[in-house]
Amino acid sequence: MLLFLKTKGWQKVKTDERFQYFAPPKEEKLEDPNFLYRIPLHEQGVDYEAFTYRLLISFSQFYDIDLQFLFDLLSKDLAQIAQEKEIQERILALAS
């Protein structure tokens, strides 16, 4: 998720004991000028899976990306992505 946000231009603005906070790129005109995405630092939290799933839903809606594709993409490591041509093509389409 961190790499996804960074490639979309989000900047880490602070970190606390539980989260990293990311501010949107300047080009994004959001209704809430103080909006930040909170990304959990640790996977051991009781609500980690539910929290990250809600983040994926939010990313999907914000960038108009198919939720299942986003889930599949962020569930793979770089080696797996390098082997799957269909995912590579969809990533390139997202980037353009």
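One is the number of the first residue; the rest follow in order along the sequence. All figures in this text were calculated on a predicted structure; none of them were measured in a lab.
For residues 39-59, the set of pairs meeting the side chain to side chain donor-acceptor pair (under 3.5 Å) definition, not counting sequence neighbours, comprises Tyr37-Ser58. Applying the ring-ring contact (aromatic ring centres under 6.0 Å, His included) test to every pair with at least one member in residues 14-34, sequence neighbours left out, gives these pairs: Phe19-Phe51.
Looking at residues two or more places apart in sequence or on another chain, you find a side-chain contact (heavy atoms from CB on, under 4.5 Å) between Gln61 and Ile57. Qualifying side-chain contact (heavy atoms from CB on, under 4.5 Å) partners for Pro25, counting only residues two or more places apart in sequence or in other chains: Trp10, Glu27, Glu28. Judged as a side-chain hydrogen bond (donor to acceptor under 3.5 Å, both in side chains), and not counting sequence neighbours, the contacts of Lys12 are Gln20.
For the atom pair Phe4 CZ and Leu70 CG, the distance stands at 5.0 Å (nearest 0.5 Å). Here the straight-line distance linking atom CG of Leu41 with atom OG1 of Thr15 works out to 6.0 Å at 0.5 Å rounding.
Counting heavy atoms from C-beta outward, Phe59 and Met1 have side chains that approach closer than 4.5 Å.
Side-chain N or O atoms of Ser60 include none that pairs as donor or acceptor with a backbone N or O of Asp66 at under 3.5 Å.
Nearest heavy atom pair, residue Leu36 against residue Lys14, reads CD1-CE, 4.3 Å.
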